[in-house]
Amino acid sequence: MKITDLKLDVVSIPRHTGFVCQHAIVRIMTDEGVTGLGEMSDFSHLPKYSVDVRDLEHTLKLQLVGRDPFDIVAVNRDMGDMFPETMYYYEKGTFIRCGVDIALHDLAGKALGVNISSLLGGRVRDKLKVCYPIFRARTMMEVEANVNVVRARLAQGFDVFRLYAGVNPDADEAFLDAVTREFGSRVTIKSLDFSHLLDWKSALRVTKRLAPYGVQLVESPATRNDFEGLRNFRMAVDLPVSEHVWSFKQQHDMIRYDAVDIFNIALIFIGGFGAARKAASAAEAAGKGVLIGTTQELSLGTAAQAIFGAGLTNLTAISDPTGPELYVNDVAAEPVRYENGYLLVPDASKPGLGIDIDWSKVERLRVDGFSWGDQKTANLQDRTSSV
Ligand code: LMR
Ligand code: MG
């Protein structure tokens, strides 16, 4: 089987918060008529420049056309040469590698008539507990709206939340206080996520103030790549500490410094199934846990994350992918499903990812390419639509 073509379709989809994200749907076509689908999710992250999508499509075609789609390891190696790892969380090259890797896995599964799970050694679970994100409040005025989100999502079965915190601790405390008073033990706060916005000592101060409200873990409580700071923080609190994995060098450093308890692994931030499985194995070898993170993917990307999570033996914390609930729209014919706060892994009997695209939705949501609006930096850091 040979790859004959590759296409990228960019769609722009708002979240219920008003924040708008752009994603590329990847199609890899073959001479046997099988097409693999992938997702390069959420390019709407800093740094605030754009990838030229037609140029990227051309580059990827040059690399892929004529190759055997089952040569996934070799293609990933070459993609790694073209889009090298950096020490940056939102490196767009990683999103690009991820979309291609997912599409190759979807293609291989479809060609063999099996779900991607079957290519990866099967499943040890068929659903993943997830938490709904509460985006960072920079002003007290935003607190009430965030409590309303908890109320509405709890009614839908989401009983675990994570809080982006740290810029306005008064607002964080007001939120946690209101949630504790109104919902008590019906609601769990999985984590405080500092998004690398504070140095470790400031994060420690805020954590000490907020921990009495009951949180399971603390994420990203030091500036990016400050492994010593992360370790200092970890040794100063008795809560588990988690950090995203965005390169193997960075993961290796976190292991060397014994800086975290749990690695937050998402396909999009490390480069697809192959890379994510490698990161999960490194975590396991180092005696660390894993949670499945997210950039907030559409259903295609979320299905990939669910399949990845379904095969992990060291998934030790509640996971994060809730994109299909967060966006007002999707391009899937049938979106992935959530039940009682669990993300259901797509049916194991469905080939590939198990997700079909509704192309009329792609047409409605399509934009010419990636581009930025007049978003403010704080909005992009916090994933909010106004300050
Ligand atoms: C989001 O887009 O909401 C997330 O990717 C933010 C994050 O934690 O990186
Ligand atoms: Mg995070």
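Source: prediction; values computed, not measured. Note that ligands are numbered from 1 as they come in the structure, with each ligand's atoms numbered from 1 the same way.
- For the Mg ion (ligand 2), the tally of protein N/O/S atoms lying closer than 2.8 Å stands at 3.
- The side chain of D42, and not its backbone, has at least one atom closer than 4.0 Å to an atom of ligand 1 (non-hydrogen atoms only; side chain from C-beta on).
- Close contacts between ligand 1 and Y89 involve ligand atoms 7 (C), 8 (O), 9 (O) [criterion: under 4.0 Å to a heavy atom].
- Polar contact check, Y90 against ligand 1: a nitrogen or oxygen pair lies under 3.5 Å apart.
- The shortest heavy-atom contact between L380 and K48 is CD1-CD, 3.9 Å.
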Using distance only, find each side-chain donor-acceptor pair of residues 13-23 under 3.5 Å and give its atom names and separation, not counting sequence neighbours.
{"unit_1": "R15", "atom_1": "NH2", "unit_2": "D42", "atom_2": "OD2", "d": "3.2"}
{"unit_1": "R15", "atom_1": "NH2", "unit_2": "T295", "atom_2": "O", "d": "3.4"}
{"unit_1": "T17", "atom_1": "OG1", "unit_2": "F19", "atom_2": "N", "d": "3.4"}
{"unit_1": "Q22", "atom_1": "OE1", "unit_2": "S371", "atom_2": "N", "d": "2.9"}
{"unit_1": "Q22", "atom_1": "NE2", "unit_2": "S371", "atom_2": "O", "d": "3.4"}
{"unit_1": "H23", "atom_1": "ND1", "unit_2": "D42", "atom_2": "N", "d": "2.9"}

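- None of F370, W372, Y49 except one satisfies the ring-ring contact (aromatic ring centres under 6.0 Å, His included) rule with F43; the exception is F370.
- Here is the list of ligand 1 atoms found below 4.0 Å of a heavy atom in H45: 2 (O), 5 (O).
- Here ring pair (Phe, Tyr, Trp, His ring centres under 6.0 Å) pairs that include residues 123-142, with residues two or more places apart or in two chains, are Y132-F158, F135-Y164.
- Taking 4.0 Å as the cut-off, L326 does not count as a neighbour of ligand 1 on heavy-atom distance.
- The nearest protein atom to atom 8 (O) of ligand 1, hydrogens excluded, is given as Y164 OH, 2.7 Å; this is a heavy-atom distance.
- The pair E219-R162 does not meet the salt-bridge criterion, since no charged nitrogen lies less than 4.0 angstrom from a carboxylate oxygen.
- Shown here are the side chain to side chain donor-acceptor pair (under 3.5 Å) partners of T377, two or more places apart in sequence or in another chain: there are none.
- Comparing R383, R136, H196, E297 against atom 2 (O) of ligand 1, the shortest heavy-atom distance belongs to R383.
- The aromatic ring centres of H196 and W246 sit less than 6.0 Å apart.
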